[in-house]
Novice: 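One structure follows; several queries about it will come next.
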Number of protein chains: 2
Amino acid sequence: MEKDTSTELKIKEAATRVFIAKGFNGCTSREIAKEAGMNVALVNYYFKSKSHLFEIVIASVIEKFAESLFEVFKSELPLVSKVRVFIEKEYDFLGKHPEIASFLINELSKQEANFFQCVGFSDAMKDAKIEAQVKEAQEKGEMRKINLVNIILLLMSNTNFPFIARPMIQSIHSINDENYKTHLILHKQYVIDMLINYLFPNSKEF
Amino acid sequence: MEKDTSTELKIKEAATRVFIAKGFNGCTSREIAKEAGMNVALVNYYFKSKSHLFEIVIASVIEKFAESLFEVFKSELPLVSKVRVFIEKEYDFLGKHPEIASFLINELSKQEANFFQCVGFSDAMKDAKIEAQVKEAQEKGEMRKINLVNIILLLMSNTNFPFIARPMIQSIHSINDENYKTHLILHKQYVIDMLINYLFPNSKEF
DNA sequence: CTAATTTTTAAACGCTTGTTTAATTTTTTT
DNA sequence: AAAAAAATTAAACAAGCGTTTAAAAATTAG
């Protein structure tokens with residue numbers, strides 16, 4: 001009884017694709033099976049139910065999503081650089097997987113479980129000692145004195161929203177995919193300038 | 001044959017509540033009927049199908065959502081004030097109806113129809129002559145020279161995301177509703193300061 | 001008041017859903 | 001090669017879905 005049968009993995013990958021594209025309620029078990037190229041019963045043979053499979057998928061998506069985030073937070077860079085690199089990495093990541101941000105936000109607002117706690121997000125946050133680094137920079141007067149929650153909110157708002165709201169924004173302005181991508185490239189730099197300028201009023205990084 | 005029977009309105013209002021809370025795929029016709037306190041068949045008697053009812057609901061939600069936005073854009077205020085008032089109004093509106101932003105973004109990314117065009121959003125944008133006002137301010141050197149699409153993106157990112165991503169952010173930081181609300185109140189002012197400072201580098205409004 | 005019309009209901013329609021069963025094929029073990 | 005175990009399948013299950021029908025109740029018209 002192998003742990004990661006090729007079949008098991010195929011189902012998980014197919015499920016990830018389908019769940020991200022259509023959401024938990026927007027797809028069926030049979031659709032996932034078909035995407036994996038196999039019988040419906042196999043989905044419940046390897047993962048006992050659609051819900052259980054979904055929990056596994058969303059946990060691994062969160063992990064993937066959080067990975068690049070912590071890579072930056074745990075690094076030895078000064079805070080100003082961390083902010084810049086974080087934004088750059090987020091735009092890179094979401095440029096490649098634009099549906100992930102919407103997927104997580106959509107499903108997390110419907111599902112009741114605290115998946116981020118399951119993945120140990122809070123603990124990883126403390127491990128990264130980012131709170132201490134912020135406090136230090138604020139006491140030195142290098143950084144604007146605002147709460148870490150607000151800092152994360154500013155960072156995530158300006159990195160995630162442009163990808164989440166893409167269909168809405170394109171609809172509002174009647175612009176196509178190509179055109180929107182062009183705006184996104186410029187937007188990344190605007191966001192970097194704006195945030196560094198706001199969070200580090202005396203910085204020369206921009 | 002009255003147009004807006006009390007029954008018809010009750011169904012539409014119930015449907016709006018249910019659709020916003022659970023999304024199109026997350027709820028059933030029977031659920032909507034129950035919420036309205038009546039038989040399932042009545043839903044299809046007044047609105048011919050679940051999809052048709054949904055289209056009507058989402059169009060009216062968009063209208064409500066866009067209303068306060070254009071109220072500001074069409075006003076005679078100088079641009080700097082428009083930005084500040086827009087942010088304040090958005091925080092007020094989303095504070096009262098926090099689920100609307102997520103609802104629109106979720107459903108617009110799944111549905112294929114361009115609902116914003118149906119509502120005449122683009123035209124209203126031109127009517128408001130905001131593009132001309134921006135161009136003028138930029139030529140006078142009062143405003144940073146960035147595209148209107150990016151300006152709207154900055155505004156919406158920082159107003160909508162904190163409400164859309166609330167479940168995720170609370171999950172990440174392990175904080176409760178009360179606590180998050182406190183952060184939101186502060187956040188509004190941070191966003192106003194940051195955006196005005198960035199968009200109008202020479203302004204004295206902050 | 002009666003007849004016509006509109007509104008509301010209960011029940012059923014065929015279809016799809018998530019899940020399970022039992023049989024079959026494939027693989028592993030001995 | 002035979003027996004045991006695991007993987008895969010087709011078929012079925014009950015439950016729920018969106019929608020329709022046909023009859024009952026309520027309202028309006030003449």
Side-chain angles (χ1 to χ4, degrees), chain A residues 1-61 103 106-108 110-113 115, chain B residues 1-61 103 106-108 110-113 115:
Chain A
M1 203 217 291
E2 299 270 339
K3 192 67 233 251
D4 254 4
T5 322
S6 130
T7 314
E8 194 177 344
L9 200 68
K10 267 187 207 161
I11 295 174
K12 195 188 159 187
E13 287 172 345
T16 306
R17 267 175 273 134
V18 176
F19 278 141
I20 286 181
K22 308 201 167 186
F24 180 77
N25 288 320
C27 71
T28 69
S29 305
R30 280 168 180 82
E31 198 174 348
I32 293 170
K34 198 178 177 185
E35 170 82 17
M38 48 195 55
N39 195 285
V40 207
L42 272 185
V43 173
N44 286 348
Y45 176 75
Y46 285 102
F47 308 87
K48 60 185 184 183
S49 69
K50 188 192 176 189
S51 320
H52 185 235
L53 173 56
F54 180 76
E55 281 176 27
I56 290 171
V57 166
I58 201 169
S60 88
V61 171
F103 170 70
N106 291 355
E107 301 299 326
L108 280 170
K110 261 122 205 173
Q111 240 71 21
E112 69 296 335
F115 286 105
Chain B
M1 202 217 291
E2 300 270 338
K3 191 68 233 246
D4 254 3
T5 323
S6 131
T7 315
E8 194 177 344
L9 200 69
K10 266 186 208 161
I11 295 174
K12 194 187 158 187
E13 288 171 344
T16 306
R17 266 175 273 133
V18 176
F19 278 141
I20 286 181
K22 307 200 169 188
F24 180 76
N25 288 319
C27 72
T28 70
S29 305
R30 282 167 179 83
E31 197 175 348
I32 293 170
K34 200 179 178 185
E35 171 81 18
M38 48 196 54
N39 195 285
V40 206
L42 272 185
V43 174
N44 286 349
Y45 176 75
Y46 284 102
F47 309 86
K48 60 184 182 182
S49 69
K50 188 193 176 188
S51 319
H52 185 235
L53 173 55
F54 180 76
E55 281 176 26
I56 290 171
V57 165
I58 202 170
S60 89
V61 171
F103 170 69
N106 290 355
E107 301 299 328
L108 281 171
K110 261 124 205 173
Q111 239 71 21
E112 70 296 335
F115 285 106

Novice: When all nucleic acid strands are considered with a 4.0 Å heavy-atom cut-off, which category describes A/V40: base, sugar-phosphate, or nothing?
Specialist: base
Novice: Show the nearest heavy-atom pair for residues A/F47 and A/I11, with the distance to one decimal.
Specialist: CE1-CG2, 3.7 Å
Novice: Identify the two heavy atoms, one from B/A21 and one from A/K110, that lie closest to each other, and give their separation to 0.1 Å.
Specialist: O-CE, 4.0 Å
Novice: Go nucleotide by nucleotide along DNA chain D from the 5' end; which of A/G37 and B/C27 gets its closest nucleotide reached first?
Specialist: A/G37
Novice: Provide, to the nearest angstrom, the distance between the NE2 atom belonging to A/H52 and the P atom belonging to C/dT20.
Specialist: 13 Å
Novice: B/N44 CG to C/dT8 C1': how many Å, rounded?
Specialist: 14 Å
Novice: Taking the minimum atom-to-atom distance to the side chain of B/K50, which one of C/dT21, C/dT9, D/dG18 wins?
Specialist: D/dG18
Novice: If I take atom CG in residue A/L42 and atom C1' in nucleotide C/dG18, what distance separates them, rounded to the nearest angstrom?
Specialist: 15 Å
Novice: Can you identify which nucleotide, out of D/dA10, C/dG18, C/dT8, has its nearest atom closest to the A/S29 side chain?
Specialist: C/dG18
Novice: Any donor-acceptor pair, under 3.5 Å, between the side chain of A/R30 and the base of C/dG18, if you only look at N and O atoms?
Specialist: yes
Novice: Looking at every non-hydrogen atom in both residues, tell me the closest pair between B/K50 and B/F24 and how far apart they are.
Specialist: NZ-O, 2.8 Å
Novice: What nucleotide among C/dT17, D/dT9, D/dT8 has an atom nearest to a side-chain atom of A/T28?
Specialist: C/dT17
Novice: Take the protein atom CG of A/N25 and the nucleotide atom P of C/dT17, then report the distance between them rounded to whole Å.
Specialist: 13 Å
Novice: Is the shortest side-chain N/O distance from B/T7 to OP1 or OP2 of C/dT7 below 4.0 Å?
Specialist: no
Novice: Starting from C1' on C/dG18, measure out to CZ on A/F24 and report it in whole angstrom.
Specialist: 9 Å
Novice: B/I11 has an atom CD1; how far is it from atom C1' of C/dT7, in whole Å?
Specialist: 11 Å
Novice: Ignoring the backbone of B/Y45, work out which of C/dT7, D/dT9, D/dT20 is nearest its side chain.
Specialist: C/dT7
Novice: Ignoring hydrogens and angles, tell me if any N or O in the side chain of A/K12 forms a donor-acceptor pair with the backbone of A/I56 under 3.5 Å.
Specialist: no
Novice: Taking the minimum atom-to-atom distance to the side chain of B/S49, which one of D/dT19, C/dT8, C/dA10 wins?
Specialist: D/dT19
Novice: Which atoms form the tightest heavy-atom contact between B/F103 and B/I58, and what is the distance?
Specialist: CE2-CG1, 4.0 Å
Novice: Given D/dT8, D/dT9, C/dT9, identify the nucleotide with an atom nearest to the side chain of A/N39.
Specialist: D/dT9
Novice: Figure out the CE/P separation between A/M38 and C/dT25, and round it to whole Å.
Specialist: 18 Å
Novice: To the nearest angstrom, how far is B/E31 atom CD from D/dG18 atom P?
Specialist: 9 Å
Novice: Under 4.0 Å between any heavy atoms, over every strand shown, what does B/S51 touch: base, sugar-phosphate, or nothing? Just pick one.
Specialist: nothing
